[in-house]
Each structure stands twice: as C-alpha cells, then as structure tokens.
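The structure appears below as structure tokens.
These figures come from a predicted structure and were not determined experimentally.
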Amino acid sequence: MTFYPKKYDVIVVGAGHAGCEAALAAARMGCRVLLMAIDLDKIAAMPCSPSIGGMAKGQLVKEIDALGGEMAKVTDKTAIHFRKLNTKKGPAVHSSRTQNDKIRYHTVMKSVIEKTPGLDVKQARVDDLVVENGHVAGVTDHLGYGFEAKTVILATGTFLSGRVHIGEKSFKAGRAGEFASYALADSLKALGFTLGRLKTGTPPRLHRASIDFSKMTRQDSDSPAEPFSFFSKGFEMSHVPSYIGRIEKKTIGIVQENIKLSALYSGRITGTSARYCPSFEDKVMKFPHRDSHQLILEPEGIDTEEIYASGLGNSLPVEIQLAVVRSVEGLESAEIMRPAYAIEYDYVNPVHLTPKLETKKIAGLYMAGQINGTSGYEEAAAQGLWAGINAACRVQGRPAFLLDRSQAYMGVMVDDLVTRGTREPYRMFTSRAEYRLMMREDNADLRLAAIGHELGLVDAETVKDVKERQKQISDEIQRVRKVVVKPVPEVNQYLEDHGSNPIDNGVHMDQLLKRSELDYDMVNTFAPAQPPLVNRVVRQVEIEVKYEGYIQKQLKEIAKFGDLEGQKIPEQFDFISLHGLSNELKEKLSAVRPLSLGQASRIDGMTPVALSILMIALKSRTSS
C-alpha cells in the first residue's frame, strides 16, 4: 500500500457538522489534521432543514460557541430568520433558532476550514481503517491510497451504508444525489463492531412562485434579533418571513389511502425511525385522532426559490407526493422541486464508546454524530467538538476533556449515549437535563469559556471579559440585596402603575425584583446602578434573584450528584464476580464499564440495592 508522505495527528472522516467541529478543534489545539470528505462541495451541508438551534438544540450551539467552536459564528453570518422559543416559560427552557441560507452556510464554513492553519482538506471516500496492535494507525481511501494518523474520528453522518427510499424505488446514497459508503461499514464489521440500522428523512422542496402565501399565516423574525454567538455583534443578512399553514383531513385521507405505497409502511425500510421527529405518514398512522397538522414553509436561502415544507416529510411515490402537496390550502398549484425521501443508514450503538467518544475496541478511534445514533446538526456538532478535543488531548498527552451532567447539555448527551446507548435516533431535549436551570443558553459562556481557554480554543481577552462580567453580576446581586427602597409616595405610585402592590415598610430591592410583575429595569429606577450595566449582566442578575430558591435547590442536588460522581470505579473492575447482582446487570456493567458510581446509577435496570452492593464492593477493595 502506498501512503501519503505527510503524517497526521488526527484524521476526520466526514465533513458534516460533526466533522467540521472536530477538525477545527483539533487543528486549533495545535494538531496536524486531515479532513476527508466524499464531496468538498458539500462541506457543512444542510440536507434537511437549513436551520440551527431549536428547543435544547440552541443550548448545545451556545455551549459549542462558549468552548470555541464555530457553528454559532457561521450561523450569525448566514441566518435569514430568527426566533427565541419558549419565551412564555422560564429561562431554563428558552432556546434560540435560526433559519439559514444553506448555500452561504456551506461556503462560509468551508472558507473557515480551508483557512485554518494545520488543517488539510482532501476529497476522497474512506473505505478502510488501518489498525495495528489494537490501535488505529490511519485510513485507506477508495483508490487504495493510505493516510497515516495517530487518531481517527469517524463522522460519517447518513453515509454509512446509506439507502434512499421514494415509494417503491430505492438506491444507494449517503444523501439524495451523493455516494454512500458501504466499504467502510464492512471494515467496521470486520473489526468486530455490531452495526444497527436507523431511518430519517426530509420533506419536499417547493417552488416559491407556485405557492399562494395569502392563505398562510406570516411569521416574521424576532425584532430585535439576538445573535447566536457570544462573540458576534449581530446578524449579517436580511431576515425574511416564514409562513404557517394547516394540513387538513383531505391530505390525511390521501396518505391513508396510499399508505401501502409508502416505503416506510411497505416493509422496505428496516431502520428505526425518529420517534421525536416523525414523518407525515407516521403522524397520520400513529395519531389517527388528529384531523389537522401544522405546516411551516421556510425559505432555503436568499438567492433560491426553494421552500422547505416542514411537516410534509414522507417516503411516498412522487405522484402521490404531488397529490398530497396540492391538497393543502395555499399549495393547490405548488411545484415540487425536490421530492421528499426517507434514508436509512448504519450506526454503532454508543454504549461501545468511552465518555471520551473513543471506541473501547480500538484505541485512538473516535466516533461523532449520526454514527453514534443521534439526529440533528447540533447534536452532531457538539459530539464533533467533543471528539476533536479528546483526540487532540490524546495526541498531546493531556487529560481527557469530559463535562458531566451538571456542567453542560453536551455532558448530558454524551452520558446518555455511552451509558444507556440508543436504539432509535437520539434527540436532545431540555427535559433530559436534570439541572437545566443552571445550564441555560444565556450563561453558557460563563460556564464554559474558561474551559475553552484552557484547551486553547478561547482567547485570553474573552476570558477576561467573562470574568469581569461575573464580577459585575456578583457585585450587583449584593447591591440589590442591601439597598432598601422606602415607602415614599413616588415609589408606591410607580408600583401601582405597574400592577404591583404598594409597600408599607422599607423593602430590599431584591425582594421587589422577586415579584413576577416587576423586572430589573423597573426596580432599578428606585436606586439606579452606577455605572449602568449592560444587558447581559442585567439578565443574569434578574434570573439569579428571581429564581434564587430554585437555584439553591439545584445546587444542593448537584452537590449530591457530585458525591456519586466522585466515587470512581477502577478501569478493570470485575463486575462479573460481584455477588447479589443479576446476570443481566453484570453484563450491562461490563459492557458500559462506568467510570463512577454516578454513571453506574444511570444504567438501565440499576436498582438502589444493586448500587449499594457495588458501593460496598468498592469500599471493600479500597480498604484492602
């Protein structure tokens, strides 16, 4: 075999959202990195919705940004619509979402990658892994040409044995119109990995001029719109509206009548579907009591006429798709530019990974994104960053990069994946995060920027700014707790004008701020801060004061969580010989190999009694 003369520290296979973040992180940490893609014109492509963020996903993007990742910055340069979701609920679940110009997103990210020092980019399909003595040593491409590396990150997306389905037609493809990677899947099987099968899909794209938007409800971007990145001054592109429509009984009836023609319901698809992002066929068949569903029409870019028809994803024949689309009010004359399709692909159950996202079978081999059973650009990007950092740490002999469930959403996601595994496409939700009040979108930089700086991904000036804001927040909280507002007529009149009860005695400012009808700016009029504080500081002060009781409760819960996480389990601990545990639980413990009692407690089937047995065994081993 002929090898490329240049040797690398890290090779990243796949240039989707996971691959891009992995390659950038490793290169920025000082490694020699090679990013390999089947098609360089599809770097950071958006094959499904050209959007970033959403519920819980927005938190992931903010965390990527705070640690020095690129997704949020590219988002701000290419966003054409912005909304803050869940604003009627508490700050713990507020999430940002943008619609993006998909072509510009690709070109901006590609430019960033190509200009990054230490990062080479090559177009090739990787067909095989080079493994020596249980350690990955490089890859081989489809031409039989080899590339050597100390570590390899697989970020293959839907390309691993990918197959597209449209009605009765199916064909091999990583995405519609793109080659799949079958040889690499065979290579993984030969190395002893057990592959599963998952399914996802995408809706049709419609021609803008063929849509009657007057029958839809216009949805404008938020104004003012808040940039995604902590380091952006604002959005760079003009924002355009989206439109909301309804899918009614007529459309549902067409699907019901033709359900046997669906690739999903004819038995041609064997992969497990995404439960939390169902296709339109799934909505019709699994929720028969629903006689109406929402349709969102979103532009795919400024310079294209393509409209993304969110809510109409399916795997029906094209002629049935056309009937379905044209049965919707406002789409009677709609032209389909690209049909909807389903795609199934291989993945590796992530229970076979360590918390570093390194495989247990082969040292130095990492996996990130949909190959780990996840769905979504944001989940993939977060894993890519995580794997890229850990590959670089391994090469440089540095401690592993690990965040726990109390530190970040990405910590929750990785722990879920490697501890419980998944048999369906995994999606991040705020409900998965036990400590979500402490892990909000708005404080991601306060939580993680210093860690990013230690890794070499965030500059010193940024960390200095973060520390200064943390001091301002702390000082202002102390101030509002000390300053007394007296019951003078002007104060009580102001309170009554704003729907708040007057006061009879002097009251500390923080007690007034705890009132739901009052915000910081209102209370601050009684004793203004000097000098005035910026909005990012004000926001933190308001949340810290208003939710003080809940925050204190979560801090106590985190302390208990930390106690279990602090009780480490030796790497080679013999779970099989433990008396009192079921054989099933022994097998699960041996497969997962939890690093701590905390992680062990989250394994499916773990009981309080079993955890006590494990705890006693660890203490006995320590004392002996």
Side-chain angles (χ1 to χ4, degrees), residues 55 58-59 62 82-96 219-227 230 233-234 430 435-447 465-559:
M55 290 183 288
Q59 279 85 337
K62 293 279 190 178
F82 172 85
R83 291 186 69 80
K84 180 81 79 172
L85 307 180
N86 278 345
T87 54
K88 293 182 180 180
K89 299 180 180 180
V93 294
H94 290 181
S95 302
S96 299
Q219 185 181 69
D220 288 307
S221 186
D222 286 353
S223 182
E226 177 186 307
F230 294 107
K233 293 182 179 179
T430 54
Y435 313 114
R436 53 188 171 274
L437 181 55
M438 309 302 295
M439 302 190 304
R440 307 182 305 275
E441 262 198 359
D442 55 78
N443 70 358
D445 59 334
L446 303 178
R447 290 184 278 123
D465 174 66
V466 167
K467 289 182 178 179
E468 177 58 30
R469 276 189 289 114
Q470 287 174 323
K471 184 177 185 305
Q472 290 175 5
I473 293 164
S474 177
D475 289 347
E476 181 62 4
I477 290 174
Q478 294 303 313
R479 185 184 79 88
V480 299
R481 285 174 176 167
K482 293 178 180 178
V483 173
V484 176
V485 178
K486 297 181 179 179
V488 297
E490 295 83 1
V491 167
N492 280 329
Q493 185 61 54
Y494 185 91
L495 291 172
E496 290 184 13
D497 290 344
H498 289 84
S500 193
N501 292 329
I503 55 177
D504 297 324
N505 302 299
V507 176
H508 289 101
M509 281 180 68
D510 67 314
Q511 296 305 306
L512 291 176
L513 185 51
K514 288 180 186 291
R515 295 185 179 186
S516 60
E517 67 274 10
L518 300 178
D519 60 25
Y520 175 89
D521 289 336
M522 294 175 183
V523 175
N524 193 49
T525 59
F526 302 137
Q530 296 298 331
L533 302 173
V534 298
N535 288 337
R536 291 172 71 177
V537 172
V538 167
R539 175 70 172 154
Q540 296 303 313
V541 171
E542 185 167 299
I543 292 172
E544 291 281 340
V545 173
K546 280 187 176 294
Y547 294 89
E548 182 181 15
Y550 296 103
I551 289 173
Q552 291 302 316
K553 181 180 178 181
Q554 284 218 336
L555 287 173
K556 291 179 181 178
E557 292 171 351
I558 290 172

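Applying the 6.0 Å contact sphere to CE of Met55 captures no more than 12 heavy atoms from other residues, nucleotides or ligands.
A distance of 12.5 Å separates OG of Ser474 from CD of Gln540, quoted to the nearest 0.5 Å. Distance check: Glu468 CD to Ile473 CD1 gives 10.0 Å after rounding to the nearest 0.5 Å. Atom CG of residue Asn443 and atom CG of residue Leu437 lie 9.0 Å apart, to the nearest 0.5 angstrom. Rounded to the nearest 0.5 Å, atoms CG (Leu555) and OH (Tyr435) are 11.0 Å apart.
Counting only residues at least two apart or on different chains, no ring pair (Phe, Tyr, Trp, His ring centres under 6.0 Å) pair has a member in residues 533-552. Pairs passing the ring pair (Phe, Tyr, Trp, His ring centres under 6.0 Å) check and including a residue from residues 492-526, sequence neighbours excluded, read Tyr494-His498, Tyr494-Phe526.
Of the charged side-chain nitrogens involved, none lies within less than 4.0 Å of a carboxylate oxygen, so that Asp510 and Lys514 do not count as a salt-bridged pair.
When every heavy atom of Val507 is checked against every heavy atom of Gln511, the shortest pair comes out as CG1-CB, 3.6 Å. Of all the heavy atoms in Met509 and Ala527, the pair that sits closest is SD-CB, 3.9 Å. The shortest non-hydrogen separation linking Arg436 to Ala92 is O-CB, 3.8 Å. When all heavy atoms of Ile558 and Met438 are compared, the pair lying nearest together is CD1-CG, 4.0 Å. The heavy-atom pair separating Ile503 from Pro487 by the smallest distance is O-CB, 3.2 Å. Closest non-hydrogen pair, Leu533 versus Val537, comes out as CD1-CG1, 3.9 Å.
Shown here are the side-chain contact (heavy atoms from CB on, under 4.5 Å) partners of Gln530, two or more places apart in sequence or in another chain: Pro528, Pro532. Partners of Lys84 under the side-chain hydrogen bond (donor to acceptor under 3.5 Å, both in side chains) rule, at least two apart in sequence or in another chain, are Ser96, Glu226, Glu441. Every residue two or more places apart in sequence or in another chain that forms a side-chain hydrogen bond (donor to acceptor under 3.5 Å, both in side chains) with Arg479 is listed here: Glu476, Asn524. A search for side-chain hydrogen bond (donor to acceptor under 3.5 Å, both in side chains) contacts involving Asp220 returns Arg218, not counting sequence neighbours.
Here the rule is salt bridge (charged side-chain N to carboxylate O under 4.0 Å, His left out) with Asp445, and of Arg440, Lys62, Arg469 only Arg469 fits it.
In this structure the side chain of Arg539 reaches within 4.5 angstrom of the side chain of Pro91, judged on heavy atoms. Side-chain contact between Glu542 and Leu513: present, with at least one pair of heavy atoms (C-beta onward) separated by less than 4.5 Å. Looking only at side-chain heavy atoms (C-beta outward), Thr430 and Gln59 come within less than 4.5 Å of each other. Two residues are said to be in side-chain contact when any heavy atoms from C-beta on lie closer than 4.5 Å; Val523 and Val485 fail this criterion.
In terms of modelled atom types and a separation under 3.5 Å, the side chain of Arg515 and the main chain of Asn501 share a donor-acceptor contact. Remark: side-chain polar atoms of Gln470 are paired, donor with acceptor, to backbone N or O of Leu446 under 3.5 angstrom. Panel note: side chain Asp519, backbone Met522; a donor-acceptor pair is recorded below 3.5 Å.
Using a 3.5 Å distance cut-off with no hydrogens or angles, the side chains of Gln552 and Glu548 do not pair a donor with an acceptor. A side-chain N or O of Gln493 and one of Asp497 form a donor-acceptor pair less than 3.5 Å apart.
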